[in-house]
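When reading the values below, keep in mind they use all heavy atoms of this one structure, side chains included, and skip hydrogens, waters and symmetry mates. Letters go in sequence order (proteins before strands), and every chain restarts at 1. In this text, all values refer to a predicted model and were calculated from it rather than measured experimentally.
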Protein chains: 2
Amino acid sequence: MDTSERLIESTRALLWERGYVGTSPKAIQQRAGAGQGSMYHHFSGKPDLALAAIRRTAEEMRALAERQFSGPGTVLERISAYLLREREVLKGCPVGRLTQDPDVVADPDLRRPVDETFAWLRDRLAGLLAEGRDRGELDAALDPAATAATVVAVLQGGYVLARAADSDEPFRQAVRGVLGLLEAHAR
Amino acid sequence: MDTSERLIESTRALLWERGYVGTSPKAIQQRAGAGQGSMYHHFSGKPDLALAAIRRTAEEMRALAERQFSGPGTVLERISAYLLREREVLKGCPVGRLTQDPDVVADPDLRRPVDETFAWLRDRLAGLLAEGRDRGELDAALDPAATAATVVAVLQGGYVLARAADSDEPFRQAVRGVLGLLEAHAR
DNA sequence: GTCTATAATCGGATAGAC
DNA sequence: GTCTATCCGATTATAGAC
């Protein structure tokens with residue numbers, strides 16, 4: 001792995017653990033095993049490096065979700081698989097986390113990948129739910145777009161509850177709860 | 001308002017806007033119109049001041065929720081009123097926000113009020129849902145604890161989606177979605 | 001109680017040698 | 001490309017005068 005690559009990966013890890021405000025160029029360099037000159041040669045500064053890191057993390061998250069969405073089974077089974085997938089719950093969502101960073105939200109370039117990721121997620125889930133409805137797998141009364149937003153919010157909020165409790169239990173409860181509600185719409 | 005009070009209020013505002021890591025004693029002092037000596041006279045340091053601020057914010061959040069929970073109407077109407085209450089969506093939740101702050105989560109004293117607030121919220125909602133079930137307002141199949149966690153998670157995740165999109169629309173969609181799912185259980 | 005002075009360290013970046 | 005030196009303001013306090 002070359003230096004530029006190590007810098008990006010080191011930034012990804014630190015953004016996840018500490019956020020944008022809590023991540024210093026010095027910390028990035030130390031974790032990457034690179035000097036200052038090296039970092040400022042490859043990137044124009046902290047925002048530039050963060051942009052590269054955020055873009056990669058966002059892409060990875062979409063790819064991971066797509067694996068479950070395009071898997072086998074009914075729509076509800078696929079959404080279920082997505083919700084129940086193995087996650088590092090206590091670490092939180094590496095993308096959702098960024099929305100609490102004022103400097104990320106204030107910078108259109110940094111916010112864009114975050115925005116696009118959640119927009120894509122909601123849209124993809126809404127499509128699945130509409131598909132399930134059209135196939136008769138799901139109740140016709142169910143609003144695909146609103147329900148999709150609910151599903152994504154349950155995950156993001158689940159992370160919040162888990163970190164507050166220092167336990168993944170509330171996350172699992174929230175997921176169980178929304179699955180229970182969804183299953184009542186399947187017959 | 002005396003100096004100590006202004007320092008706490010100033011800290012509350014900054015913790016909401018910038019988080020713990022992003023909030024400096026200097027910024028707190030400036031916003032409170034107080035000098036350094038003043039701050040270190042009333043509080044032992046940043047963590048001490050943050051603790052006072054977090055405790056107050058947590059209490060306020062519980063009091064606000066309790067207003068809706070103990071209001072008039074059926075269980076579902078009260079939960080609906082809570083979910084649809086006026087909120088500064090784009091500012092995010094002043095308590096939930098703190099779960100993304102590594103220094104808050106790592107400090108048991110700072111995390112405790114956050115933990116207690118969400119534990120109380122989930123418990124209170126679970127009680128309401130159980131009450132609704134016992135009264136026959138809600139489907140007996142509904143799991144009170146899991147559903148309560150879902151409801152809280154939808155709010156917390158809704159804030160995340162709204163900040164990502166720089167719009168309160170996804171928040172409202174998520175709330176609409178979970179209300180739709182809940183209403184299907186009421187008959 | 002509040003103020004100013006001082007200090008050690010960090011944050012984010014630039015300059016120029018190698 | 002990478003390194004070291006340097007810069008300047010911010011951070012998080014402590015000390016001691018008023």
Side-chain angles (χ1 to χ4, degrees), chain A residues 1-56 97-98 100-111, chain B residues 1-56 97-98 100-111:
Chain A
M1 199 158 61
D2 68 9
T3 302
S4 167
E5 199 60 22
R6 287 202 319 278
L7 283 165
I8 293 178
E9 287 304 316
S10 146
T11 304
R12 294 219 299 153
L14 284 166
L15 285 182
W16 195 0
E17 289 168 20
R18 311 253 335 145
Y20 185 84
V21 173
T23 295
S24 68
K26 184 177 220 163
I28 293 171
Q29 293 151 23
Q30 286 177 342
R31 189 161 187 147
Q36 289 190 330
S38 203
M39 180 187 128
Y40 285 101
H41 171 73
H42 290 287
F43 300 93
S44 71
K46 178 172 158 174
D48 187 30
L49 190 40
L51 182 57
I54 291 173
R55 279 186 175 147
R56 184 173 297 182
R97 202 233 170 284
L98 300 167
Q100 302 305 322
D101 241 306
D103 293 0
V104 169
V105 173
D107 183 334
D109 291 336
L110 294 180
R111 188 174 61 80
Chain B
M1 200 160 56
D2 68 7
T3 303
S4 167
E5 199 60 23
R6 288 202 319 278
L7 284 165
I8 294 177
E9 287 305 316
S10 146
T11 305
R12 294 218 299 153
L14 285 165
L15 284 181
W16 195 0
E17 289 168 20
R18 311 251 338 142
Y20 184 84
V21 172
T23 294
S24 68
K26 183 177 223 164
I28 293 171
Q29 293 151 22
Q30 286 177 341
R31 190 164 187 144
Q36 289 189 331
S38 204
M39 181 189 128
Y40 285 101
H41 170 75
H42 290 286
F43 300 93
S44 72
K46 178 172 157 174
D48 188 30
L49 189 39
L51 182 57
I54 291 174
R55 278 187 175 147
R56 184 173 298 182
R97 203 232 172 282
L98 300 167
Q100 302 305 322
D101 241 307
D103 293 359
V104 169
V105 174
D107 183 332
D109 291 336
L110 295 180
R111 187 173 62 78

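Straight-line distance from the CG atom of B/L49 to the P atom of D/dT12: 12 Å, rounded to whole Å. If you take CD of A/Q29 and C1' of D/dT4, they are 12 Å apart, rounded to a whole angstrom. Across the protein-nucleic acid pair, A/Q30 atom CD and C/dT9 atom P stand 15 Å apart, rounded to whole Å. Atom-to-atom, CZ of A/F43 to P of D/dG1 comes out at 13 Å; the value is rounded to the nearest Å. The interatomic distance linking B/D2 (CG) with C/dT2 (C1') rounds to 14 Å, in whole Å. Regarding B/I28, its CD1 atom lies at a distance of 14 Å from the C1' atom of D/dA10, rounded to whole Å.
Remark: B/R18 engages A/D103 in a salt bridge (Lys or Arg N to Asp or Glu O under 4.0 Å) (not counting sequence neighbours). Scored by the side chain to side chain donor-acceptor pair (under 3.5 Å) test, B/Q30 finds no partners at all (sequence neighbours excluded).
Summarising the geometry of A/L15 relative to A/A53, their closest heavy-atom pair is CD1-CB, 4.1 Å, with the distance given to 0.1 Å.
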Atom pairs under 3.5 Å: protein N/O with N/O of nucleotides 12-16 of chain C:
| unit_1 | atom_1 | unit_2 | atom_2 | d |
| --- | --- | --- | --- | --- |
| C/dG12 | OP1 | A/K46 | NZ | 3.0 |
| C/dA13 | OP2 | A/K46 | N | 3.3 |
| C/dA13 | N6 | A/Q36 | OE1 | 2.7 |
| C/dA13 | N6 | A/Q36 | NE2 | 3.0 |

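Listed by first then second residue, pairs satisfying side chain to side chain donor-acceptor pair (under 3.5 Å) with a partner in residues 4-13 of chain B read B/E5-B/R56, B/E9-B/R12, B/E9-B/R56, B/R12-B/T57, B/R12-B/E60, not counting sequence neighbours. Applying the salt bridge (Lys or Arg N to Asp or Glu O under 4.0 Å) test to pairs two or more places apart or on separate chains, those with a residue in residues 20-48 of chain B are B/E17-B/R31.
Between C/dC3 and B/H41, no contact under 4.0 Å exists linking OP1 or OP2 to a side-chain N or O.
Here the side chains of A/Y20 and A/L110 are in contact, with some heavy-atom distance below 4.5 Å. In this structure, the side chains of A/V105 and A/D101 stay at 4.5 Å or more apart for every pair of heavy atoms. The side-chain heavy atoms of A/L51 and A/F43, taken from C-beta on, include no pair separated by under 4.5 Å.
For residues 3-11 of chain B, proximity to DNA chain D is found at no residue, defined as any non-hydrogen atom under 4.0 angstrom from a strand atom.
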